Trainee: 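One structure is given below, represented as structure tokens, and several questions about it will come after.
Just so you know, ligand 1 is whichever comes first in the structure, and atom 1 is the first atom listed for that ligand. Small disclaimer: the values here were computed from a predicted structure and weren't measured. Index from 1, following the sequence.
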Amino acid sequence: MKRTIYFAFLYLFGTSIGKPNAVTQHVSPSKPTPTEIFGNSWQLDSDGSYWLFWKTNTTHITFETHVKTKGYVGFGLSSNGKMFPSDVVVGWVDSNGTAHFKDCHTEGHYAPTIDSSQDWMLLQGLEDNFGTVLKFVRKLDTCDDKDYQITDNTIKVIYSYHPDDPASFDTLPWHGANRQGAKSVMLLSAVKSNDYQLPPDAEQFDILHNNFHVPANTDTTYQCKIFKVPEKPSKRHIIRFEPIITRGNEDVVHHFVVFSCPTATDNDEGSVFNCYGVRPKKYEKCNDILLAWAIGGVGYDFPHNAGFSLNAPGDPQYLILETHFTNPTLKSGMGAK
Ligand code: HEM
């Protein structure tokens with residue numbers, strides 16, 4: 001049987017030096033079960049109260065939200081991650097089991113306005129042991145100027161929820177400061193499948209930016225580090241990669257690229273340098289891109305009949321991880337243990 005490597009990237013940098021790193025974004029303690037198989041899922045908040053599942057085809061996108069509440073749920077698309085202007089839906093399931101749902105838009109930090117054209121359609125609304133489940137579909141481009149066109153660009157999804165059902169859409173209570181948030185996501189190309197089971201012999205290879213402190217005196221840092229591909233007795237394949245980012249620091253990691261570096265040697269393993277500063281001359285030929293990820297991406301599962309070969313003659317032996325950290329507010333104290 002073909003052996004495989006599960007290839008993952010670990011970014012280790014916490015906001016307080018000396019605290020244990022909690023780098024477990026891919027660990028889902030109490031992930032709810034969706035009503036059907038979706039290609040994508042994401043925990044939107046930090047404590048696992050708000051989960052989003054979605055799938056797309058060439059014309060439509062279907063979302064399913066699972067939220068730990070028996071009250072109302074808000075979900076939407078926003079270009080800047082703010083509550084307004086944004087394209088939102090609000091829904092809840094009342095004590096009789098009836099689902100209420102409206103396509104709305106927001107114009108301020110006040111209750112959303114119901115769209116005159118209802119283009120987000122509720123497919124299912126129910127309450128279960130986890131909380132409230134809403135499944136809804138819309139066209140990628142609804143042609144309503146109050147709705148966002150969904151493209152393969154990164155977009156911010158926003159969410160909110162409340163513990164109580166409102167009496168009507170006109171009397172929505174404020175969700176409160178702790179029951180709202182935003183996350184960058186590529187809705188059309190975040191292709192890490194939930195349903196893809198890794199083979200039992202899959203191995204994980206983590207690439208870590210250990211001991212790196214994001215500078216507070218510049219908004220843009222390109223940090224490079226050299227890694228050696230683990231030596232194995234026979235050929236392996238990369239079948240998945242995903243970013244692992246310290247919770248709370250998601251907005252700081254803008255993108256990464258992994259290059260193969262044929263001119264590196266064992267002595268270079270672990271070397272770090274500013275990618276676009278004084279780059280050691282011997283790494284000038286390290287330009288072949290293996291993998292890339294950008295903010296909003298979830299990860300990538302290679303197709304079942306494909307993989308990126310490692311450990312065969314001519315395969316990459318050394319890698320450069322180039323990471324663009326962005327720190328527009330010049331925040332200090334972000335670093336690895
Ligand atoms: C009656 C309904 C609503 C009211 C009165 C309301 C009010 C507010 C207020 C006052 C804030 C600022 C909070 C702060 O600065 O701490 C806020 C933030 C936020 N709200 Fe709402 N909201 C409502 C519904 C919604 C809905 C349906 C969504 C949809 C997802 C939403 C998403 C957000 C988000 C993501 C934020 C944080 C970003 C920002 O400050 O703009 N809200 N909301």
Trainee: With a heavy-atom distance limit of 4.0 Å, tell me whether V90 approaches ligand 1 through its side chain, its backbone, both, or neither.
Mentor: side chain

Trainee: T69 and T132: side-chain donor and acceptor closer than 3.5 Å?
Mentor: no

Trainee: When you look for heavy atoms under 4.0 Å from ligand 1, do you find them on the side chain of Q180, its backbone, both, or neither?
Mentor: side chain

Trainee: Identify the residue among F53, W51, Y161 that makes a ring-ring contact (aromatic ring centres under 6.0 Å, His included) with H66.
Mentor: F53

Trainee: Which protein non-hydrogen atom lies closest to atom 2 (C) of ligand 1, naming both residue and atom, and how far is it?
Mentor: A111 CA, 3.5 Å

Trainee: Distance to 0.1 Å, residue and atom name: give those for the protein heavy atom nearest to atom 32 (C) of ligand 1.
Mentor: M83 CG, 3.6 Å

Trainee: Return the orientation label for the F273 and Y283 ring planes: parallel under 30°, perpendicular over 60°, tilted otherwise.
Mentor: parallel

Trainee: Does any N, O or S atom of H175, backbone or side chain, fall under 2.8 Å from atom 21 (Fe) of ligand 1?
Mentor: yes

Trainee: Who's the nearest protein heavy-atom neighbour of atom 13 (C) of ligand 1, and how far?
Mentor: W174 CZ2, 3.6 Å

Trainee: Ligand 1 versus F84, non-hydrogen atoms closer than 4.0 Å: side chain, backbone, both, neither?
Mentor: neither

Trainee: Under 4.0 Å from a heavy atom of P112: which atoms of ligand 1 are those, numbered in the order shown and with their elements?
Mentor: 2 (C), 27 (C)

Trainee: Does the side chain of N80 pick up a donor-acceptor pair with the side chain of S78 at under 3.5 Å?
Mentor: yes

Trainee: Establish, from distance only, whether the side-chain atoms of T323 and H209 form a donor-acceptor pair under 3.5 Å.
Mentor: yes

Trainee: Any side-chain donor-acceptor pair under 3.5 Å between D115 and S117?
Mentor: no

Trainee: Looking only at side chains, do Y276 and E322 share a donor and an acceptor under 3.5 Å apart?
Mentor: yes

Trainee: I'd like to know if the side chain of D266 pairs up with that of Y318 as donor and acceptor (distance under 3.5 Å, no hydrogens or angles considered).
Mentor: yes

Trainee: Checking Q317 against D315: is there a side-chain donor and acceptor pair closer than 3.5 Å?
Mentor: no

Trainee: So which protein heavy atom does atom 28 (C) of ligand 1 come closest to, and at what separation?
Mentor: S160 OG, 3.2 Å

Trainee: Where is the nearest protein heavy atom to atom 16 (O) of ligand 1: which residue, which atom, and how far?
Mentor: A177 CB, 4.2 Å

Trainee: Taking 4.0 angstrom as the limit and counting only heavy atoms of G74, give me the atoms of ligand 1 inside it, by number and element.
Mentor: 30 (C)

Trainee: For atom 22 (N) of ligand 1, state whether the nearest protein heavy atom is under 4.0 Å away.
Mentor: yes

Trainee: Counting non-hydrogen protein atoms only, what is the nearest one to atom 1 (C) of ligand 1? Give residue, atom name and distance.
Mentor: L172 O, 3.1 Å

Trainee: So, is T106 placed with an N/O/S atom under 2.8 Å from atom 21 (Fe) of ligand 1, counting both backbone and side chain?
Mentor: no

Trainee: Need the ligand 1 atom indices (1-based, order shown) with element for anything under 4.0 Å from a heavy-atom of I158.
Mentor: 30 (C), 35 (C)

Trainee: Which part of P173 is near ligand 1, with near meaning a heavy atom under 4.0 Å away: side chain, backbone, both or neither?
Mentor: backbone

Trainee: For atom 35 (C) of ligand 1, which protein heavy atom lies nearest, and how many Å away is it?
Mentor: G181 O, 3.4 Å

Trainee: Do you see a donor-acceptor pair shorter than 3.5 Å between the side chains of N57 and T59?
Mentor: yes

Trainee: Please compare Y161, Y159, Y110, Y72 and report which has the shortest non-hydrogen distance to atom 30 (C) of ligand 1.
Mentor: Y159

Trainee: Considering non-hydrogen atoms of the protein only, which is the closest contact for atom 11 (C) of ligand 1, and what is the distance?
Mentor: H109 CD2, 3.3 Å

Trainee: Give the atom numbers and elements of ligand 1 that come within less than 4.0 Å of a heavy atom of F75.
Mentor: 30 (C)

Trainee: Using a 6.0 Å cut-off, check whether atom CD of E231 has over 12 heavy atoms from anything other than its own residue.
Mentor: no

Trainee: Does any part of the side chain of K225, heavy atoms only, come nearer than 4.5 Å to the side chain of V272, both counted from C-beta?
Mentor: yes

Trainee: Are a donor atom and an acceptor atom from the side chains of W120 and D87 found within less than 3.5 Å of each other?
Mentor: yes

Trainee: Is A182 close enough to touch ligand 1? Criterion: a residue heavy atom under 4.0 Å from a ligand atom.
Mentor: no

